[in-house]
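Step one of this worksheet: look at the structure below.
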Amino acid sequence: MTPTSRRSRSVGASSTGLSAGNLHKGYAPLAGVYDEMVAADGCLRPHWRQFIDGLGSMTDAELARRWRLAERLLHENGLTYTADVDPDRNERPWNLDFMPVVIGASEWRALEDGLIQRARLLDAILADLYGAQLLLRDGHLPAAVVLGNPHFLRPCHGVRPRDGRYLHVYAADLGRGPDGRWWVLADRTQAPSGVGFALENRVVLSRCLPELFRDFHVRRLANYFQAMHDSLVARTNRENPRIVLLTPGPAGEGYFAHAYLARYLGYTLAEGGDMTIRDNRVYLKSVDGLKPVDLILRRVDAEECDPLELRADSLLGVAGLVQSTRAGNVTVANALGSGLAETKAMLAFLPNLCRRLLGENLKIPSTSTWWCGDEKVREFVLDNLDRLAIDSAFKRRTLLSRATSAVPGASLSADERLAIIDQIATRGDEYVGQELVSLSTTPVWTADGLQPRPMTLRVFVVATKDDGYMVMPGGLTRVSSSRDTRAIALHRGEGTKDTWVLSDEPETSSLTLLRSPLSYVKPKRTGKDLPSRAADNLFWLGRYAERTEDTMRVLRSVVRRLTEDASPMDNVAAMQRVLRVLFEKSHVAPPTAGRGGGPTDALEKQLAVLMSDPTCAYGLQETLLHLHRTAGLVRDRLSIDAWRTLSFGFQTRAMRHGHPVVSADHPIELGDLAGDARRRDPRVGSLLRHGNGEYDAQPWLAVSRHGAALGTRAAPRRSAAQLAGARQPGRGWQPGAAAGTRRQHHDLPLALPDDTDAATGDRPAAAGRDQSAIRRLPGVGPIRSCRSIAARSRRGPALTATAPGLVAADRSPSCRGGAVVRRG
């Protein structure tokens, strides 16, 4: 079987020599732990047998083809996450294993009942603690667990949500013990993350194994998301509410999932700066003006949501949001302050609280937890330190965090043991002791065949419009690269799995929220809001796309001429003058030839700097980086094809490893971004086209000052009809476009210096669009040029709304906007 490509670690590992017919042969479960696929007697579990038989019926070549398809889907969709331990916040490719986790129907029904009970319990606890606080008054909860908890938000006490619901979305991290029972390892009530990743895992795997997915009667996820949408809409009491998904932005670890979920549900993806408060109402700042917001589905921690009343140094929230919720003018899901219920200290009291509030015993037990704020409990923890793990009582960890505060007592050195004992004795209310649970294992595809690896399962629960709860039939399974079953975190090299929940009967529902492929080619005028920040970023995306195309044309033309058998001296001089334009913009002195160097030595050094030096302003590396970062800021506004073209792995990473910059696998050209976007949303396409037009004037005005550089080998003059055929609105120059030929990415044509006659003004890259504006420019530099074109533009209100930001960004060589350093 073909090894996995080294380009991506998205799907498992290489499996050379692994045959489809003997997948489970040689699979040896770990001793003393529960294995999901193989029973204690060594036989396949019944609900796994059909799946293994289905895979075994495929040939090695077919299995390899399915594997490559999964890799390609993940790579082209740009599925990434940001590692919290990376100081540069670089994106990492998502790691999806080819083998799903399979759970039987009867077992899942028991899990559903237990998780719905737990969601009801946590919602009732939050309602009491932010309301009458009877649990504190009657002594069912120690005051230190609540009032000493940093996630208890005092400004939110007495603030009842407009819809009366505190917990709209809930997630539980589950692990299975050696006896086969499921345990809740942690509750997630703040802003449960991972649902977008779970959805993408399902989309990829169901497309790779469609017949197994159908014949295996796997329950679909669409009904869960439909119930989620219906519930959120019902809680606004409006027929057509405006729902915003609040994200921390591209720096957040799950930004891909946020953008994916927003597009899947049709919500507006917004950051805190995209909203404002007027008269205790939340408004979205859009290119069409302020739009009232009815519900905020937040993916930002509650304490970050309001710098006025919560965390003063937060840049992620909306100033005045607490007061708006207090006035009942907006619904926040989950309610502000809901993170209180997910801290480890709360686990120790849930069994008693369940009996108190619901009159029932917990159906799914939590990991045995002891809060060290009680003196007797503290003594028990210290006496049994070797059998327990010590963890923070209040510290939260994100979905993909590598950091963990849990410390197995048995692994402590003598000095560490004394330090831990001292900390527990002096600040016991900040620590908990937890039982060390051995997790179950599941088969993972490796180079040595299927191997058992520890796993945890995150399951998602959503409130329904009839005040109940519904469990997603599946979830996000995380697997460890280590064979240590005592703990799990998604470290580097570890991955995820899709979770298949079986049904007793064939799935009859064909509901899907995925957009049909036909919708991408139909003209569609959507009323979806366009935040002004997104509009500004779309303008800059068009600008960087145009700059990338122009830079590639120049560099490719110079390289082609430089590699000719014989380059006349005047040709070399012309190429040096063309490159000097780029160096003048970067304010960097171009390299010169060394002692005894030939006439082309300096030219080769200049090319190397412009193509490979990431610190060279306006160089190809920096331009590609800005292009990718700006595209990431508006990811939810781009089509899948457009994102494939702009993805980091397709451009910058390929350059870093010396591979071709572009590939024919990606159908959208840089120059065609505006056209592709216009078919989906005319406003997006218009803003991208504005960015193209604003940038067009600058390099050509600068090049015209060096007209002698274009004097050699100029192309014949073209007629107006030829120019119109070569340049279409929103598209890059295409030779032979009038004849219907399509430009390929691996053969980018260049307008410089072969295809332009600067003396006559014939310029295919701007035919009929910017010629008159360029002739009117006084030639005083890029600031005046952009301002002149913007002043004369009649291209609609979108540019007018963002013009102040655009002009300000052009006043200095380096301005910051969003997360990108923008250079005019």
Side-chain angles (χ1 to χ4, degrees), residues 78 534-556 582 585 617-635 637-652 654-655 661-663 666-681 683-700 727-734 743-745 748-752 763-766 769-770 782 786 789 795 798-799 802 806 809-810 817-824:
D536 182 69
N537 289 322
L538 285 166
F539 172 91
W540 280 98
L541 178 60
R543 191 179 182 110
Y544 283 128
E546 188 75 5
R547 181 191 300 169
T548 300
E549 290 245 44
D550 287 347
T551 303
M552 284 181 172
R553 287 191 180 105
V554 172
L555 295 178
R556 182 180 178 276
L582 297 179
K585 293 175 69 65
Y618 294 93
L620 183 58
Q621 286 280 3
E622 190 206 49
T623 302
L624 288 173
L625 179 62
H626 290 327
L627 180 69
H628 171 258
R629 287 180 176 174
T630 308
L633 296 173
V634 289
R635 191 165 186 167
R637 301 285 170 175
L638 302 175
S639 69
I640 295 298
D641 285 341
W643 178 253
R644 291 171 185 170
T645 302
L646 295 165
S647 66
F648 181 80
F650 166 61
Q651 293 176 329
T652 312
M655 279 289 296
V661 178
V662 289
S663 164
H666 300 271
I668 299 298
E669 304 172 9
L670 291 180
D672 195 28
L673 287 178
D676 174 70
R678 187 166 56 247
R679 289 186 287 271
R680 302 178 67 248
D681 189 335
R683 296 168 302 173
V684 173
S686 176
L687 286 161
L688 288 170
R689 182 166 50 85
H690 278 310
N692 293 155
E694 292 288 329
Y695 178 72
D696 274 347
Q698 299 183 37
W700 285 93
R727 178 70 178 184
Q728 302 175 12
R731 292 182 177 269
W733 175 67
Q734 300 182 15
R743 186 177 73 192
Q744 297 296 326
H745 282 289
L748 285 175
L750 301 177
L752 286 176
R763 178 185 169 228
R769 189 175 62 176
D770 294 324
C786 277
I789 294 179
R795 294 173 180 172
L799 182 61
T802 59
L806 303 178
D810 272 310
V820 182
V821 178
R822 284 154 177 180
R823 302 182 186 276

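Both backbone and side-chain heavy atoms feed into the values below; hydrogens, waters and symmetry mates do not.
Taken from OG1 in Thr551 to OH in Tyr544, the straight-line distance is 11.5 Å, to the nearest 0.5 Å. Expressed to the nearest 0.5 Å, how far NE2 of His626 lies from CZ of Arg543 amounts to 12.0 Å. Put simply, CG on Asp536 and CG on Leu541 are 11.5 Å apart, with the number rounded to the nearest 0.5 Å. Of the inter-residue distances, the one linking His628 atom NE2 with Thr548 atom OG1 reads 12.5 Å to the nearest 0.5 angstrom.
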**Request:** Show the numbers, then the answer: is there a side-chain contact (heavy atoms from CB on, under 4.5 Å) between Met552 and Leu624?
**Result:** CA-CA 10 Å; Met552 284 181 172; Leu624 288 173; 4.2 Å; yes

